[in-house]
Amino acid sequence: MQRHHTNIISKVYHSRFFPLLVFVLVGLLVLSKVIWNHSLILGHDSLFHFNRFVDAEEQLRTGKFSYFQMNFGFNQTGRIVNALYGPFVAYISGALLLISPNWYIFELIDVMVVMLVAAFGMYWLCKVNQVSRGYALIVASMYMIGSSVISWVNTQQFTGVGAAVIPYLFVAIALTLRRLKVPVIGLSIAMAILVQTHMITSMMGFLALVPIFTVALVKTEDKLKMVVSSFGAALITLALTANVWGALLSIFTNNHLIPAFSTVDMSNYGFIFNLYSFEMIIKPMELIVFIYVIAYVLIKWRSLDYIIKTYALVGGFFLWVSTNLFPWKILQSLIPELSTYLQFPKRFAVLAFVLLFVSFGMILTNDHDALTLKWLHFEGPDYRYAFIFLLMATMIGTNIWVLNFKIATVDSMRQSNDFQIPIEHTVSHVNRNKRTYYEDFYGSNKKALVDDLSKVVPDYLPATQKVNYKNYNDYHPYSNAYQQLDKQNYRIKGGFKKTVNKDGSLTITWNNRHKKARNYQIPVVAYASTELTLNGKTVIPVSQTPVGAVVIKANPGKNSLNVSYHIGWAMKALFILTIVSWIVVSGIVIIRIWL
């Protein structure tokens, strides 16, 4: 009987589905309080991404597609966001939202999927680096609930989604380092998916790739082949992401776009050894693991191979870069643009999490004395297991504790429409629209939530002049965005009615109740490629406000303004290149798998 039970346990442990079982259980444990309370999680960036997702969802639901214009989200202003910010994930999330009955169910499934993607990516990375199955499961579980990934769960910082995807890029990098040969297709696909997901994370991944690739280049005997293969992977990546960089080039070269806000002192946005940093950026037990890995590698340097040395040094470097111990003030003074385009040094911690966690798994696999405190005569695996249990318990407990604050906020909102929303740059219209937050969270009308909680942010809006770190605050982008694109919707009698058309254009109708033609500021924006048609005639706006809202001269009576985005032949060609490239690359992968 004992042997029979042992065989069953062994079969379950070695089964293909056991990792999925472990990761799901860990994820459910972290989300247990959220599930028990039926709570939606509203973080600092939730509503920004909810607007992106609801726009994609409404496009899929209605069939009224517009790759560039946001016709459903962000107050239906026709602004561009998704084309410049993770279009791949936006449409996947939109599809998930479409089949979800409400926001609560959507978010629950969404965060679980992100954690599972992170877990399987780290598990694969561990297996590529010859980490044993048991420790690979432990490290992958740690990574999926680690601070870099869990930031998507508790605050909806999109770096968390990037963190979930980036281990797959490191799988390709690890194969390059181990085999001294570039997996061209694998590297291209991994980088392309990361670019389609989160541009900043892909750029950070590239920065980590450079030193690791350099080590592989030094080690390999066929350096020319490695260089040629790398250029080939870069070209394939460009083809697979033509829709992203094509849109960036097209829009940024023809418009003055308002960037994200500039950080005055970047060192304040790294890990600064305070309570917030230990809660949200790197938890205490995670930091202990990182320090242990770095110390272990330095102490045992001569007995270790070049692979774990490379991981630990590169991971340790980016851990340093993510803190205020790095000379960010000096670097920021030399390159001021970093304050706008990078903003938060804490983002670099993502690279430390991947490289130092996989190094931790390699150490546990290859050194049976690791974590046993042999020098204190605390030998044997029990001490190691006790530390790992303490590590996991602390990480899970801290995450549940942080989520409790989000749950309390949502509970207060469910009980009262007058609850002060603790989310920056958010305006509530729930009473004006005669709805309740409870209906928004659990009702079938998903668009109602983003209509009732208006997230007023100026990112990617077309400015009338160049906006940078020097004049950002003087330009007052947040105030202008609120006044001209949110509040303006309610400033005239009868308001502005907005309708999305089958061709993906947006029509705004309103009444000029005066006897003469007069100028009206319309809460919709225009870019260089935006086409405006007033009452059937193509027009040029009289002027545009600082955030791109158009001013139109309207005739007495009812007026109708059609807003569409013109896509030139070059952009269409890049769309075709992207689609064809994915078809060809997918075909190559399928052929390789089957053959």
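Side chains included, hydrogens not; waters and symmetry mates left out as well; all remaining heavy atoms used. Treat the numbers as computed from the prediction; the structure is a model and nothing was measured.
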### Message
Could you check whether atom CZ of F231 has more than 12 heavy atoms from other residues, nucleotides or ligands sitting under 6.0 Å from it?
### Response
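Open.
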Tell me if the aromatic rings of [X] and [Y] count as close, with their centers under 6.0 Å from one another.
{"X": "W152", "Y": "H198", "answer": "no"}
{"X": "Y292", "Y": "F290", "answer": "no"}
{"X": "F120", "Y": "F23", "answer": "yes"}
{"X": "F158", "Y": "F48", "answer": "no"}
{"X": "F360", "Y": "Y296", "answer": "no"}

Quick one about [Y] and [X] (side-chain donor to acceptor, distance below 3.5 Å, no hydrogens or angles considered), yes or no?
{"X": "D222", "Y": "T220", "value": "no"}
{"X": "Q130", "Y": "N366", "value": "no"}
{"X": "T155", "Y": "Q157", "value": "yes"}
{"X": "R52", "Y": "Y91", "value": "no"}
{"X": "T398", "Y": "K283", "value": "no"}

Side chain proximity check, [X] to [Y], heavy atoms < 4.5 angstrom:
{"X": "K33", "Y": "L403", "value": "no"}
{"X": "N154", "Y": "F405", "value": "no"}
{"X": "L390", "Y": "M285", "value": "yes"}
{"X": "N129", "Y": "Y311", "value": "yes"}
{"X": "R133", "Y": "F18", "value": "yes"}

### Query
CG/L351 to CD1/I166 distance, rounded to the nearest 0.5 angstrom?
5.0 Å
### Query
Roughly how far apart are S100 OG and E107 CD, rounded to 0.5 Å?
11.0 Å
### Query
On the ring face of F344, is K346 found with NZ or CZ under 6.0 Å from the centre and within 45° of the axis?
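Judged by the rule (NZ or CZ under 6.0 Å from the ring centre, within 45° of its axis), K346 counts as positioned above F344.
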### Task
Without swapping roles, check the side chain of D305 against the backbone of I308 for a donor-acceptor pair under 3.5 Å.
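Yes; at least one donor-acceptor contact below 3.5 Å.
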